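All values derive from a computational prediction rather than experimental measurement. All residue numbers refer to positions in the sequence shown, counting from 1.
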Amino acid sequence: MSSHEGAVPAVPELARAGTPDRAAARVTSRDVARAAGVSQAAVSLVLGDKWRGRVSPGKAEAVRAAARELGYRPNLAARSLRTGRTRTALLVVPALTTEFFARVYTGAARIAADHDFGVVLYPSPEGIGPARPSPSTTHGGRPVRAPLVPDPFASASAALDGVIASSMAADALAALRTPGLPLVMLDSDPGDATASATVNLDIADGVRQLTAHLTGLGHRRIAHLAADVDSWTFAVRTRTLTDALADTPDAVVHRVPTALGVDAGLRAAHTALTVPGPRPTALLCDDDIIAAGACKAVRRLGLRVPEDVSVTGFDDLALAVAVEPELTTVRLPAEEFGEAGMRALMAVLDGAPTDAATLPVALVPRGSTAPPPDTPHNTARPGG
């Protein structure tokens, strides 16, 4: 291994990935070693992610750069036979209907690629575990059994090296816990001793920031449009909001459960704004999609956001700046969240110690919040 430390050597044009020359399809670890100026053993260590303490960081980067430039792909089947690993992780998310989980996947896949791992994405509807077969139906008076939906958990221990599950409902966890298969839980109970590792966003702090923002503006009548999903993350939001308002004089919270969706948020907001008694001056929504529906409900009732009713979301999706006025919300670092989850899984697979990690979140005040309409000298206008 005689290359200059930290230098990334030039790669012969003939062997670059994407060239029509058939030699590019036959790139071997020897070619990578030659281009990087290291031994084949060093290439194996670096691409197998076992180089730390055995190969210098500069040479490790040179190997990775040469492999990328040459389009080198290791023989994963042969490696699996040698190591007993498939180098594949399963990422389970409640749904693919919001960009949040797409960002989580992007972050996880980025770290996985650095470790030469693949990531299989599996959406679990509403976070309730494997998709279940539809009930049997009849055709011409004869029973017809619906086709079974493939269950990735049934043989997970044989096909996967580990599972990362994000924001799952409580009754989904049993299906994910397979003996000998590492499980990293994201946005889940950090006290769950059966998970190999947990990584969380500071959801409670996000709720506290939102609550302080609304009470600081003068709001005391708040409707919580609470996601009707049995999961740790939404339970935290409900509990934290209650605790945060406990010491606020005259604060009243009315909770309205809702499904995750624009139409569901609209219906929940309409209910909250039309029940007998003083109207809420703020709608605190469990996510941005519910909040978008809430904004529609406010307008359909002939009211204004934020002069008559303030609305807040949670997540900071692209939708938050697509509505008018733009949505006050809590920004969740989704890609960093996915990265942290995959790093935790890699640490578990390497036998390294892992501590429960919590990533910070941030309040993003925008135009959908203002002082309540009964505040003296309130001159709030759309846009805040």
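- Listed by chain and residue number, nothing satisfies the salt bridge (Lys or Arg N to Asp or Glu O under 4.0 Å) test with Arg255 (two or more places apart in sequence, or in another chain).
- Rounded to the nearest 0.5 angstrom, Thr312 OG1 and Leu327 CG are separated by 7.0 Å.
- The line from CG of Leu260 to CZ of Phe234 is 5.0 Å long, rounded to the nearest 0.5 Å.
- The heavy-atom pair separating Arg103 from Ala318 by the smallest distance is NH2-N, 4.2 Å.
- Ile203 CD1 to Arg208 CZ: the interatomic distance, rounded to the nearest 0.5 Å, is 11.0 Å.
- Met342 and Leu359 fall within the same hydrophobic cluster, defined by Ile, Leu, Val, Met, Phe, Trp and Tyr side-chain heavy atoms under 4.5 Å apart, directly or through other members.
- In this structure, Ser368 contributes its side chain and Pro325 its backbone to no donor-acceptor pair below 3.5 Å.
- The hydrophobic cluster containing Leu181 also contains Tyr122, counting ILVMFWY residues as joined when their side-chain heavy atoms lie under 4.5 angstrom apart, directly or transitively.
- Annotation: side-chain contact (heavy atoms from CB on, under 4.5 Å) contacts of Pro365 (sequence neighbours excluded): His213, Leu363.
- Interatomic distance, Glu335 CD to Tyr105 OH, rounded to the nearest 0.5 Å: 12.5 Å.
- Taking each heavy atom of Val348 and Pro182 in turn, the nearest pair found is CG1-CB, 3.7 Å.
- Applying the side-chain contact (heavy atoms from CB on, under 4.5 Å) rule to Thr215 yields the partners Thr211, Arg220, Leu245, Thr248; only residues at least two apart in sequence or on another chain are considered.
- Residue Ser167 holds its OG atom at 4.0 Å from CZ of Phe101, rounded to the nearest 0.5 Å.
- Heavy-atom minimum distance, Val63 versus Val32: O-CG1, 3.9 Å.
- Nearest heavy atoms, Ala197 versus Thr354: CB-OG1, 3.7 Å.
- Leu210 and Val252 fall into different hydrophobic clusters, defined by Ile, Leu, Val, Met, Phe, Trp and Tyr side-chain heavy atoms under 4.5 Å apart, directly or through other members.
- Nearest heavy-atom pair across Gly162 and Leu345 is CA-CD1, 4.0 Å.
- Using a 4.5 Å heavy-atom threshold, the side chains of Thr198 and Ser188 count as separate.
- Of the possible polar contacts, one joining the Ser310 side chain to the Ala370 backbone as a donor-acceptor pair under 3.5 Å is found.
- Not counting sequence neighbours, the partners of Asp308 by the salt bridge (Lys or Arg N to Asp or Glu O under 4.0 Å) test are Arg304.
- Val321 is not connected to Leu332 by any chain of hydrophobic side-chain contacts under 4.5 Å among Ile, Leu, Val, Met, Phe, Trp and Tyr, and they are in different clusters.
- Enclosure of atom CZ in Arg30 is not indicated, since only 12 or fewer non-hydrogen atoms of other residues, nucleotides or ligands lie within 6.0 angstrom.
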### Query
Given Phe337 and Asp187, is the side-chain contact (heavy atoms from CB on, under 4.5 Å) satisfied, shown in steps?
CA-CA 9 Å; Phe337 193 36; Asp187 202 20; 3.9 Å; yes

### Query
How far apart are the C-alpha atoms of Trp232 and Met185, what are their side-chain angles, what is the distance that settles it, and do they pass the side-chain contact (heavy atoms from CB on, under 4.5 Å) test?
CA-CA 11 Å; Trp232 175 85; Met185 298 298 298; over 6 Å; no

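- Within the 4.5 Å cutoff, the side chain of Thr88 has heavy atoms near those of the Val120 side chain.
- Taking the salt bridge (Lys or Arg N to Asp or Glu O under 4.0 Å) definition, one finds that Glu336 meets it with nothing, sequence neighbours left out.
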### Message
As a quick check of understanding, evaluate side chain to side chain donor-acceptor pair (under 3.5 Å) for Gln40 and Ser29, giving each step before the final call.
### Response
CA-CA 6 Å; Gln40 278 185 269; Ser29 61; 3.0 Å; yes

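- Checked against side-chain contact (heavy atoms from CB on, under 4.5 Å), Pro257 has the following partners two or more places apart in sequence or in another chain: Asp228.
- By the side chain to side chain donor-acceptor pair (under 3.5 Å) test, Thr258 pairs with no residue at all, sequence neighbours left out.
- Side-chain N or O atoms of Asp161 include none that pairs as donor or acceptor with a backbone N or O of Ala89 at under 3.5 Å.
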Side-chain atoms of residues 294-301: list all donor-acceptor pairs with protein atoms under 3.5 Å, sequence neighbours left out, distances to 0.1 Å.
none

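- Under the rule for a side chain to side chain donor-acceptor pair (under 3.5 Å), the partners of Asp205 that lie at least two apart in sequence or sit in another chain are Gln209.
- Grouping the Ile, Leu, Val, Met, Phe, Trp and Tyr side chains by contacts below 4.5 angstrom, directly or via other members, places Val330 apart from Leu217.
- The CG atom of Leu186 lies 11.0 Å from the OG1 atom of Thr233; values are rounded to the nearest 0.5 Å.
- Contacts of Glu326 classified as side chain to side chain donor-acceptor pair (under 3.5 Å), with partners at least two apart in sequence or in another chain: none.
- Across Ala320 and Arg366, no two heavy atoms sit closer than the pair CB-NH1, 3.6 Å.
- By the salt bridge (Lys or Arg N to Asp or Glu O under 4.0 Å) test, Arg237 is found to be paired with no residue, residues two or more places apart in sequence or in another chain being considered.
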Side chains of residues 265-293: which donor-acceptor pairs under 3.5 Å do they make with residues two or more places apart or in other chains?
{"from": "Thr271", "atom 1": "OG1", "to": "Arg267", "atom 2": "O", "distance (Å)": "3.1"}
{"from": "Thr274", "atom 1": "OG1", "to": "His270", "atom 2": "O", "distance (Å)": "2.6"}
{"from": "Thr281", "atom 1": "OG1", "to": "His219", "atom 2": "ND1", "distance (Å)": "2.7"}
{"from": "Thr281", "atom 1": "OG1", "to": "Arg221", "atom 2": "O", "distance (Å)": "3.3"}
{"from": "Asp286", "atom 1": "OD1", "to": "His224", "atom 2": "NE2", "distance (Å)": "2.8"}
{"from": "Asp286", "atom 1": "OD2", "to": "Ala227", "atom 2": "N", "distance (Å)": "2.8"}
{"from": "Asp287", "atom 1": "OD1", "to": "Ile289", "atom 2": "N", "distance (Å)": "3.2"}
{"from": "Asp287", "atom 1": "OD1", "to": "Ile290", "atom 2": "N", "distance (Å)": "2.8"}
{"from": "Asp288", "atom 1": "OD1", "to": "Phe314", "atom 2": "N", "distance (Å)": "2.8"}
{"from": "Asp288", "atom 1": "OD1", "to": "Thr329", "atom 2": "OG1", "distance (Å)": "2.7"}
{"from": "Asp288", "atom 1": "OD2", "to": "Asp316", "atom 2": "N", "distance (Å)": "2.7"}
{"from": "Asp288", "atom 1": "OD2", "to": "Leu317", "atom 2": "N", "distance (Å)": "2.7"}

